[in-house]
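The first residue in the sequence is number 1, and the count goes up from there. These numbers come from the heavy atoms of this one structure, side chains and all, not from hydrogens, waters or symmetry mates.
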Amino acid sequence: MKHTARAFWLSSPGQGEIRDERLAAPADGEVLVRTLYTGVSRGTETLVFGGRVPENQHATMRAPFQEGEFPAPVKYGYLSVGRVEEGPDALVGRNVFCLYPHQSRYVVPASAVTVVPESVPAARAVLAGTVETAVNALWDARPLIGDRIAVVGGGMVGCSVAALLARHPGVRVQLVDADPARADTARALGVDFALPGDALGECDLVVHASASEQGLVTSLGLLAAEGTVVELSWYGDRRIALPLGEAFHSRRLTIRSSQVGTVSPAARPGRTYADRLALALELLADARFDALVTGECAFDELPDVLPRLASGELPGLCHRVRYAAE
């Protein structure tokens with residue numbers, strides 16, 4: 001039935017379940033979307049799954065269509081691709097991306113969905129939210145032709161940044177990660193790879209996305225004088241220690257935060273959230289991004305799979321969730 005749905009809820013930290021939900025018929029200006037795929041944002045969603053969102057970040061970390069409150073019960077997620085079944089004629093039958101949790105069908109304002117270009121497979125479009133984060137990060141970072149750049153942390157966000165930098169003219173790009181298996185991913189994305197101890201130094205720019213203290217320490221150590229680390233990691237409720245004595249001041253190093261919750265002020269004036277997401281979807285026409293999808297499960301398996309993703313038992317990058325046709 002079109003006006004019923006099944007949704008994944010975090011019932012308590014570390015435990016999820018699938019619940020039946022009733023949907024209202026879409027009103028004027030709304031769309032009914034049947035979900036094709038969702039993606040698990042391994043960094044943020046596993047922190048949410050473990051109940052590790054700091055209390056002072058509960059409002060900031062709300063997803064656009066989240067239901068419930070942190071730590072639980074909460075319906076959370078923001079990488080959804082589906083097909084419009086009801087709504088404005090221009091959208092019916094189109095594949096769309098929406099910042100919606102893991103749910104088989106949903107009703108949202110038409111303004112909340114972005115049409116997936118015909119050149120982008122629906123299965124790849126689940127990466128749009130992650131690539132959007134990478135776009136914003138590079139607007140913040142402002143790499144220059146000829147820059148020596150390292151991306152430390154080969155997760156979804158770090159690999160998306162590296163993939164975009166691979167297109168940037170004249171730069172030296174190296175993906176740095178402690179997992180040697182990331183070398184294959186780097187090769188597929190068209191960038192060099194190094195373990196932390198072998199990474200090339202004297203970088204003008206380092207983008208850090210490992211969400212680890214050691215990764216940020218490594219990033220600082222790779223900088224040339226007056227270089228900048230753009231920090232994309234979100235540490236939840238963890239505190240980290242950094243060597244800000246030593247040569248940090250004499251070498252005039254910079255650590256700059258970047259966060260997708262606002263459009264980078266370095267973007268062209270007037271760029272909106274919608275513009276940024278549409279650009280991310282256009283960039284996903286590049287088949288190299290398929291290397292970021294390293295696992296898939298059926299929606300019904302999600303309550304068993306998410307604990308394994310959170311614990312690291314299931315390694316990899318983006319885990320895609322497949323929904324059965326109804």
Side-chain angles (χ1 to χ4, degrees), residues 1 3-23 33-82 97-108 112 122-123 125-130 133 155-157 211 233-238 260 292-326:
M1 296 176 61
H3 297 132
T4 59
R6 303 174 72 225
F8 176 81
W9 281 76
L10 178 64
S11 51
S12 62
Q15 185 169 350
E17 63 185 17
I18 293 176
R19 301 180 181 178
D20 293 330
E21 305 213 357
R22 184 78 184 172
L23 304 179
V33 179
R34 177 174 62 83
T35 308
L36 301 173
Y37 301 97
T38 56
V40 177
S41 175
R42 185 178 290 269
T44 303
E45 282 199 63
T46 55
L47 284 170
V48 171
F49 188 77
R52 301 198 306 274
V53 179
E55 188 173 352
N56 63 5
Q57 293 296 301
H58 282 190
T60 301
M61 288 302 301
R62 284 194 68 86
F65 294 101
Q66 173 181 323
E67 293 184 35
E69 303 294 336
F70 299 122
V74 64
K75 182 169 72 176
Y76 192 84
Y78 48 82
L79 301 174
S80 180
V81 177
F97 178 86
C98 186
L99 299 169
Y100 205 86
H102 306 283
Q103 183 166 310
S104 60
R105 276 191 173 88
Y106 51 88
V107 175
V108 294
V126 295
L127 296 167
T130 308
T133 300
M156 285 176 64
V157 172
S233 301
W234 188 67
Y235 298 92
D237 56 3
R238 289 178 292 145
V260 73
L292 304 189
V293 179
T294 54
E296 184 174 286
C297 70
F299 173 62
D300 287 341
E301 299 174 294
L302 195 54
D304 295 323
V305 167
L306 248 175
R308 298 169 64 197
L309 291 171
S311 69
E313 179 188 343
L314 284 179
L317 297 171
C318 177
H319 191 89
R320 187 166 56 208
V321 181
R322 180 182 66 256
Y323 291 72
E326 298 178 9

**Q** For the pair Thr35 (side chain) and Gln103 (backbone), establish whether a donor and an acceptor sit closer than 3.5 Å, ignoring hydrogens and angles.
**A**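 Side chain of Thr35 to backbone of Gln103: a pair is present.
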**Q** May I ask you to decide if the ring planes of His102 and Phe8 are parallel, tilted or perpendicular, using 30° and 60° as cut-offs?
**A**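 Rings of His102 and Phe8: perpendicular, as their planes differ by over 60°.
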**Q** Answer yes or no: is there a side-chain heavy-atom contact under 4.5 Å between Trp234 and Val53?
**A**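 A side-chain contact under 4.5 Å exists here.
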**Q** Should Glu21 and Lys75 count as an ion pair when the cut-off is N to O under 4.0 Å?
**A**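 Lys75 and Glu21: salt-bridged.
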**Q** Does the ring center of Phe65 lie less than 6.0 Å from the ring center of Tyr78?
**A**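 No; Tyr78 has its ring centre 6.0 Å or more from that of Phe65.
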**Q** Side chain of Glu301, backbone of Ala298: donor and acceptor closer than 3.5 Å?
**A**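 At least one qualifying donor-acceptor pair exists.
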**Q** So, the side chain of Gln57 versus the backbone of Ala59: is there a donor-acceptor pair under 3.5 Å, distance only?
**A**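 Pair absent, no side-chain N/O of Gln57 close to backbone of Ala59.
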**Q** Would you indicate whether the side-chain heavy atoms of Val293 and Leu317 approach each other to under 4.5 Å?
**A**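 Leu317 vs Val293: side chains apart.
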**Q** Determine the minimum heavy-atom distance between Gly51 and Pro71, stating which atoms define it.
**A**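 Distance-wise, the nearest heavy atoms are CA-CB, 4.2 Å.
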**Q** Hey, does the side chain of Thr46 reach the backbone of Ala310 with a donor-acceptor pair shorter than 3.5 angstrom?
**A**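 Not a single qualifying donor-acceptor pair exists.
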**Q** side-chain contact (heavy atoms from CB on, under 4.5 Å), that's the test. Do Cys98 and Val108 meet it? Break it down for me.
**A** CA-CA 9 Å; Cys98 186; Val108 294; 4.3 Å; yes
**Q** Please name the pair of heavy atoms, one in Ala72 and one in Ser12, separated by the smallest distance, quoted to 0.1 Å.
**A**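 Nearest heavy atoms, Ala72 then Ser12: CB-CA, 3.7 Å.
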**Q** Considering non-hydrogen atoms only, spot the tightest contact between Cys318 and Val126 and give its length.
**A**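 Closest pair (atom of Cys318, atom of Val126, distance): SG-CG2, 4.3 Å.
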**Q** Does a side-chain heavy-atom distance below 4.5 Å link Val321 with Cys297?
**A**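 Side-chain contact under 4.5 Å: yes.
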**Q** Closest heavy-atom contact between Gly129 and Phe97?
**A**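 Looking at all heavy atoms of both residues, the closest pair is N-CZ, 3.6 Å.
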**Q** Can any side-chain N or O of Ser311 pair as donor or acceptor with the backbone N or O of Glu313 at less than 3.5 Å?
**A**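 Side chain of Ser311 to backbone of Glu313: a pair is present.
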**Q** Distance-only, no hydrogens or angles: does the His58 side chain make a donor-acceptor pair with backbone N or O of Glu69 under 3.5 Å?
**A**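 Checking the backbone N and O of Glu69 against the side chain of His58, no donor-acceptor pair under 3.5 Å is found.
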**Q** Can you list the steps and then say if Tyr100 with Leu79 is a side-chain contact (heavy atoms from CB on, under 4.5 Å)?
**A** CA-CA 6 Å; Tyr100 205 86; Leu79 301 174; over 6 Å; no
**Q** Is the backbone of Arg6 close enough, under 3.5 Å, to the side chain of Ser104 for a donor and an acceptor to pair up by distance?
**A**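 Yes; at least one donor-acceptor contact below 3.5 Å.
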**Q** Less than 4.0 Å between a side-chain N and a carboxylate O, is that true for Glu17 and Arg19?
**A**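 The answer is yes: the pair qualifies as a salt bridge.
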**Q** Counting C-beta onward and ignoring hydrogens, is there a side-chain heavy-atom pair between Glu67 and Tyr76 closer than 4.5 Å?
**A**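 SC-SC contact between Glu67 and Tyr76 ruled out.
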**Q** Are the side chain of Arg320 and the backbone of Ala123 linked by a donor-acceptor contact shorter than 3.5 Å?
**A**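 Yes; judged by distance alone, with no hydrogens or angles, the pair exists.
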**Q** Hey, does the side chain of Arg62 reach the backbone of Gln66 with a donor-acceptor pair shorter than 3.5 angstrom?
**A**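 Confirmed, Arg62 side chain pairs with Gln66 backbone.
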**Q** Shortest non-hydrogen contact from Leu23 to Thr4?
**A**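 In this case the closest contact between Leu23 and Thr4 is CD1-O, 4.2 Å.
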**Q** Can you check whether Met156's main-chain N or O pairs, donor with acceptor, with Thr130's side chain at less than 3.5 Å?
**A**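 The answer is no, because no donor-acceptor pair under 3.5 Å joins these two groups.
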**Q** Starting from the C-alpha separation in whole Å, work towards a yes-or-no answer on side chain to side chain donor-acceptor pair (under 3.5 Å) for Tyr106 and Ser80.
**A** CA-CA 10 Å; Tyr106 51 88; Ser80 180; 3.2 Å; yes
**Q** Show the nearest heavy-atom pair for residues Pro303 and Pro307, with the distance to one decimal.
**A**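 Where Pro303 meets Pro307 most closely, the heavy atoms are O-CD, 3.1 Å.
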**Q** Distance check, rounded to the nearest 0.5 Å: Leu309 atom CG versus His319 atom NE2?
**A**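 So the gap between those two atoms works out to 5.5 Å.
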**Q** Can you list the steps and then say if Tyr323 with Thr38 is a side chain to side chain donor-acceptor pair (under 3.5 Å)?
**A** CA-CA 8 Å; Tyr323 291 72; Thr38 56; 3.1 Å; yes
**Q** Under the side-chain contact (heavy atoms from CB on, under 4.5 Å) rule, what do Arg322 and Tyr37 come out as? Steps first, then yes or no, please.
**A** CA-CA 5 Å; Arg322 180 182 66 256; Tyr37 301 97; 4.2 Å; yes
